[in-house]
Amino acid sequence: MIFFLGLCVPALAHAEDDAATVFCLSPAQRAAVVDAGVSLGRAHADPTGMFVLDGTRTLAPREWRVAQPAAFEASCEALYSSTHQVAAGSFTTLLPVLTAIVGAALAFFATSWRDRVARGRVQAEALRSAHAEFHDAAGQYLRDTSSEHPDGPLGESRRKLLARLAEVRAGHRSWSVVPALRAQLTTGDFGAPLTEDWDEQSDVTRTRRRTLLKDLDAQRDDVLRVTIALERPLRARWTLRSAR
């Protein structure tokens with residue numbers, strides 16, 4: 001970086017010198033550059049605006065630049081600097097205002113980011129808690145092989161989990177895993193169908209039970225990825241990429 005700046009500074013200085021030369025040699029500045037040269041004692045001027053050298057020779061500004069480059073550059077630099085002080089002064093005046101605006105913007109974004117992270121952590125904790133309750137209720141329901149399957153705790157925990165997922169969905173519409181999880185809990189295997197057709201104790205029923213238990217663990221993994229994304233917004237895209 002330092003080496004790069006070392007290359008840039010001379011280039012910028014050269015460009016500034018070129019700009020000054022073009023400015024001083026323009027027809028509109030002919031009289032002004034003559035006056036600058038006279039004021040600095042670098043040359044004398046005749047009534048037509050020509051430079052008088054050696055008491056006899058008269059030169060136009062362009063010719064004077066070739067004949068006496070040091071004198072021309074000194075006069076031109078003085079003229080260019082004096083005419084550009086207004087612009088530099090305006091920028092100097094605006095600099096504190098711009099600094100204040102930039103500082104306020106950075107403070108606003110920093111505060112907004114901290115608030116977002118804090119909200120994400122609260123949402124993540126609530127979602128983890130709701131899913132842990134549902135996971136326990138659903139697991140207990142699936143492992144219960146008795147003829148009676150009390151589904152009260154299951155239904156209540158499902159409603160809580162759906163509410164937490166709805167909150168996450170409201171703030172993160174691009175996270176496709178969230179509506180997929182909600183679909184599992186409404187129309188999918190962990191919705192109403194979860195409590196249906198358990199009367200028959202057959203191989204089909206046992207296979208279904210084992211499959212749902214595995215799917216329940218997979219659902220937990222997806223929910224945990226969502227909670228990590230909530231707590232670490234910068235990594236949300238990569239965290240959710242591996243979700244089902």
- [ ] Please identify each residue that fulfils side chain to side chain contact (heavy atoms under 4.5 Å, CB included) with A71, with sequence neighbours left out.
- [x] R42, W64, Q68
Open item on the list: Suppose we screen for side-chain hydrogen bond (donor to acceptor under 3.5 Å, both in side chains). Which residues come up paired with R164, at least two apart in sequence or across chains?
Closed with: E167
- [ ] Can you measure from CG (L216) to CG (D221) and round to the nearest 0.5 angstrom?
- [x] 10.0 Å
Open item on the list: Check whether S81 reaches the backbone of A78 with its side chain - one donor and one acceptor, N or O, closer than 3.5 Å.
Closed with: no
TODO: Output the distance between atom CD1 (I228) and atom CZ (R225), rounded to the nearest 0.5 Å.
DONE: 8.0 Å
Open item on the list: Using side-chain heavy atoms (C-beta onward) and a distance below 4.5 Å, is Q184 in contact with D189?
Closed with: no
TODO: List for me each residue that meets side chain to side chain contact (heavy atoms under 4.5 Å, CB included) alongside D217, sequence neighbours excluded, and say none if there are none.
DONE: H135, R220
Open item on the list: Check this for me: E77, atom CD, are more than 12 non-hydrogen atoms of other residues, nucleotides or ligands nearer than 6.0 Å?
Closed with: no
Task: Nearest heavy-atom neighbours spanning R158 and G191 - done: NH2-O, 3.1 Å
Task: Shortest non-hydrogen separation from Y141 to L154 and the atoms involved - done: CG-CD2, 4.1 Å
Task: Expected output: side-chain R143 to main-chain G139 donor-acceptor under 3.5 Å - done: yes
TODO: Assign the ring pair W175 / H172 to parallel, tilted or perpendicular, where the plane angle (0 to 90°) is split at 30° and 60°.
DONE: parallel
TODO: Hey, could you give me each pair passing salt bridge (Lys or Arg N to Asp or Glu O under 4.0 Å) that has a residue in residues 102-126? Not counting sequence neighbours.
DONE: E125-R128
Task: Shortest non-hydrogen separation from H131 to V223 and the atoms involved - done: CD2-CG2, 3.5 Å
TODO: Indicate the atoms forming the closest heavy-atom contact of T186 with P193, along with that distance.
DONE: O-CD, 4.5 Å
TODO: Hey, could you give me each pair passing ring-ring contact (aromatic ring centres under 6.0 Å, His included) that has a residue in residues 208-230? Not counting sequence neighbours.
DONE: none
- [ ] Is it possible for you to say whether L213 and L161 belong to one hydrophobic cluster, with membership spreading through side-chain heavy-atom contacts below 4.5 Å?
- [x] yes
TODO: Measure the CG-CZ distance between L142 and R208 for me, rounded to the nearest 0.5 Å.
DONE: 8.0 Å
- [ ] Identify the heavy atoms of L230 and Q123 that sit nearest to each other, and give their distance.
- [x] CD2-OE1, 3.5 Å
Task: Point-to-point distance, once rounded to the nearest 0.5 Å, from CG of L185 to CG of L162 - done: 5.0 Å
- [ ] Show which residues join L234 in its hydrophobic cluster (side-chain heavy-atom contacts under 4.5 Å, direct or indirect), or state none.
- [x] W113, V117
TODO: Considering non-hydrogen atoms only, spot the tightest contact between F190 and L212 and give its length.
DONE: CZ-O, 3.5 Å
Task: Pairs touching residues 132-142 that satisfy salt bridge (Lys or Arg N to Asp or Glu O under 4.0 Å), sequence neighbours left out - done: E133-K160
Open item on the list: Test of understanding: with side-chain hydrogen bond (donor to acceptor under 3.5 Å, both in side chains), list the residues that count as partners of R169, not counting sequence neighbours.
Closed with: none
TODO: List in chain and number order the residues that pass side chain to side chain contact (heavy atoms under 4.5 Å, CB included) with T211, two or more places apart in sequence or in another chain; answer none if no residue qualifies.
DONE: T207, D215
Open item on the list: The criterion is side chain to side chain contact (heavy atoms under 4.5 Å, CB included); which residues satisfy it with T99, sequence neighbours excluded?
Closed with: L95
TODO: Starting from F108, walk the hydrophobic network (Ile, Leu, Val, Met, Phe, Trp, Tyr; side-chain heavy atoms closer than 4.5 Å) and list everyone else you reach, by chain and number.
DONE: F109
Open item on the list: Tell me if a side-chain donor or acceptor on S26 pairs with a main-chain N or O of F23 at a distance below 3.5 Å.
Closed with: yes
TODO: List in chain and number order the residues that pass side-chain hydrogen bond (donor to acceptor under 3.5 Å, both in side chains) with R159, two or more places apart in sequence or in another chain; answer none if no residue qualifies.
DONE: E156
